[in-house]
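Presented below is the structure to which this report refers.
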2 protein chains.
Amino acid sequence: MAITLKEVAERAGVSRSAVSRTFTDGASVSEKMRRKVEKAARDLGYSPNALASSLTTGRTKLVGLISNNFHNPIFLEVFDLFTRGLQDRGLRPLLVNLTDETDPQASVRMLRQYSVDGAVVASSTLPPGFSKAFRDAGVPVVHSFGRYSSAPQVHVVGIDNVECGRMAARTLVARGYRKIAFLGGPEGATSTQDRYSGFFSELGAHRDVKTSYSFADAYSFDAGRREMLRLLKSDPAEAYFCGDDVLSIGVLSAIADSGLRVPEDIGIIGLNDMEMARWENINLTTIHQPIRQIVTSSIELMVAMLDEPDRYPEARIFPCSIVERGTLRSLS
Amino acid sequence: MAITLKEVAERAGVSRSAVSRTFTDGASVSEKMRRKVEKAARDLGYSPNALASSLTTGRTKLVGLISNNFHNPIFLEVFDLFTRGLQDRGLRPLLVNLTDETDPQASVRMLRQYSVDGAVVASSTLPPGFSKAFRDAGVPVVHSFGRYSSAPQVHVVGIDNVECGRMAARTLVARGYRKIAFLGGPEGATSTQDRYSGFFSELGAHRDVKTSYSFADAYSFDAGRREMLRLLKSDPAEAYFCGDDVLSIGVLSAIADSGLRVPEDIGIIGLNDMEMARWENINLTTIHQPIRQIVTSSIELMVAMLDEPDRYPEARIFPCSIVERGTLRSLS
DNA sequence: GTTAATTTTGCAACCGGTTGCAAAAGACGG
DNA sequence: CCGTCTTTTGCAACCGGTTGCAAAATTAAC
């Protein structure tokens, strides 16, 4: 159906190699030849078949974009940034939705069938072992929003969730809260575990602070609301560090329904600083996660790995910062 | 790097064709041969190269998933549904972000280079001409959330936006509002235009209703809030039909800030019924758009077209319905 | 046990490109 | 104008598969 190299060659009256070379930059073609070929190509509406060429060059410019976070609005921004960033570099994202698939091998096999040049795992909940499966299969991989490890097996770009936990704890203590709780996201998520451990390691130094914790079963409004409604039934804490902004918003809604006020009766601090957090009717105090930088850096790392597949694995950690809005009582 | 057909053939001591046939269903292979080949393949960790086979079969199982809506949370759900639905049918979504690209030809060329089997345009703002460019290039295309036309040039799956406009108008009139406004999304979007025309065609029959209209410059919280703050300065209407839920939420926030109450002072009706609309702290009355059905139907249509590329174009229109929540005064 | 009908297998050409190599063409110097 | 060096071009093999066709192997029928 589509026009092939051969047809262009025939029309231009040159060899197939000549046509191939005009469309390969860096190849040796005279100006005269190039013009002749380009004319023929234009007349015929030819455009080279990227897949066929990948067969010999070994590069498809396809990059697997793998995620299981299709319910958290911040991931729409993540996808936006990734797709645009990859496109700008001539790479094509092959999107893989892991929602109902947890076996890394299946994804690895699939992406190898399509000869992707690399894979980006964009998820804060998948375990490090998942991305390792790609590396073991010889597929360059970057785990964005993944767990930081001091001896990373694969490239990781993200934040230090342990430090975020500490930061939240310090902030709450500084505001004078003395009965503090951790309301985490899914218990199995690495991000939840790390924030938990940072949070409580910091609070360990404060013997006068009463602590408690629980987990929501998803990073979602409903999960947050449900869990908070449960907590409100019996002796709630003075302030909660929530696993995520969207969870926090559910929590806020539960509190509002119960007739209590934020921040007067209960303080809330979230994490992510998603767009909604600054909506005037939410106005959530939260910890900012530098999504844009994480994505940009992930793409740069991916691009670097295409030229240097055995690059020594590194972890790139970006600092987070508190964004003060209206859901914690003020310092003074 | 990866294991090839030839290596498996050598190890199994059979011809390359034999190996190829064991991995092609419907091909003639004896049980004995199949076992021999499968053993060799397993030992070597072979998996066939989908791209190489596409060269001869003419099918890549790649489907372009094209959108420019990377800021509206409902599209995260749309992407979720599309990726899972396509995956379930063995198709692979190649994601194309059109945010900073408006020339259809560039996308068409790119997707042809990757020999996609088809393309899904998922956007309520792209003009019909955009998807037509794919059809003209011989790429099977479905425009999801696209403009309905009685003589569609390409397959369209979506809702009747004109009827939605009418529905909103009827609802507002029935609630006794007599000073009614249209607060649309981007003026250039086909969905905005259609809702506008339906809305005012219905109101044309009511001479006693005062009308007005304006447009937000994006389907976003900020745009809605900004526009509403402007409108509130001078003689606002009694009720607004907003182009979209996320716009409505921005509008609600502006109204709350101004000290007015919803629905007592101003009524709001949105469109989409996104997840957030039913959050207890938002509780938006809106028009439900059956996203799940639209996506499922789009995928079915896409799959059908793979077998029958010249299928006669059809429009599949799904009915919308009003979801009554708390932002319009009650009927009584 | 033969022979015919059927199934399985391998050969070789092909899909749409790329690329090493050697021949052809141009550029340069004298 | 000739010889040499450099650039451009075409040939042919290859990338990793598929497939029509005919030969080989089975199976069925007698």
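Every chain is numbered from 1, with letters handed out A, B, ... down the list of sequences.
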What nucleic acid atoms does Thr4(A) come within less than 4.0 Å of, heavy atoms only: base, sugar-phosphate, or nothing?
-> sugar-phosphate

Checking all strands, does Ser20(A) fall into the base, sugar-phosphate, or nothing category for heavy-atom contacts under 4.0 angstrom?
-> base

Tell me whether the OP1 or OP2 atom of dG16(D) has a side-chain N or O from Tyr114(A) closer than 4.0 Å.
-> no

Length of the CG-P vector between Asn49(A) and dG17(C), whole Å | 5 Å

Whole-Å distance, Arg16(B) CZ to dG16(D) P, equals 10 Å

Short side-chain to backbone donor-acceptor contact, Ser297(A) and Ile294(A), under 3.5 Å = no

Write down the distance between CD (Glu7(A)) and C1' (dC15(C)), rounded to a whole number of angstrom.
-> 13 Å

When rounded to whole Å, the CD to P distance for the pair Glu31(A) and dT7(D) reads 15 Å

Closest non-hydrogen contact found for Leu126(A) with His143(A) is O-CE1, 3.6 Å

Under 4.0 angstrom, heavy atoms only, what part of the nucleic acid is Ser53(A) near: base, sugar-phosphate, or nothing?
-> sugar-phosphate

Does the side chain of Ser191(A) come under 3.5 Å of the side chain of Asn161(A) through a donor N or O and an acceptor N or O?
-> no

Measure the distance from NZ on Lys32(B) to P on dG10(C) and round it to the nearest whole Å.
-> 11 Å

Rounded to whole Å, CD of Gln113(B) lies from C1' of dG16(C) at a distance of 13 Å

Closest-nucleotide 5' rank along DNA chain C - winner of Thr24(A) and Leu55(B) | Leu55(B)

For the pair made of CG in Leu5(A) and P in dC11(D), what is the distance, rounded to whole Å?
-> 13 Å

Does any N or O in the side chain of Thr192(B) come within less than 3.5 Å of the main-chain N or O of Gly188(B), such that one atom is a donor and the other an acceptor?
-> no

Among dC11(C), dG16(C), dC11(D), the one nearest Ser15(B) by side-chain distance | dC11(C)

Look at the side chain of Ser67(A) and the backbone N and O of Ala122(A), then say whether any donor-acceptor pair between them is shorter than 3.5 Å.
-> yes

Atom pair distance, as rounded to whole Å: CZ in Arg21(B) and C1' in dT19(D) = 7 Å

More 5' along DNA chain D: Arg34(A) or Val19(B), using each one's nearest nucleotide?
-> Arg34(A)

Closest nucleotide of DNA chain D for Ser17(A) versus for Thr56(B): which of these residues is on the 5' side?
-> Ser17(A)

Side-chain atoms of Met33(B) come closest, of dT19(C), dG26(C), dG10(C), to dG10(C)

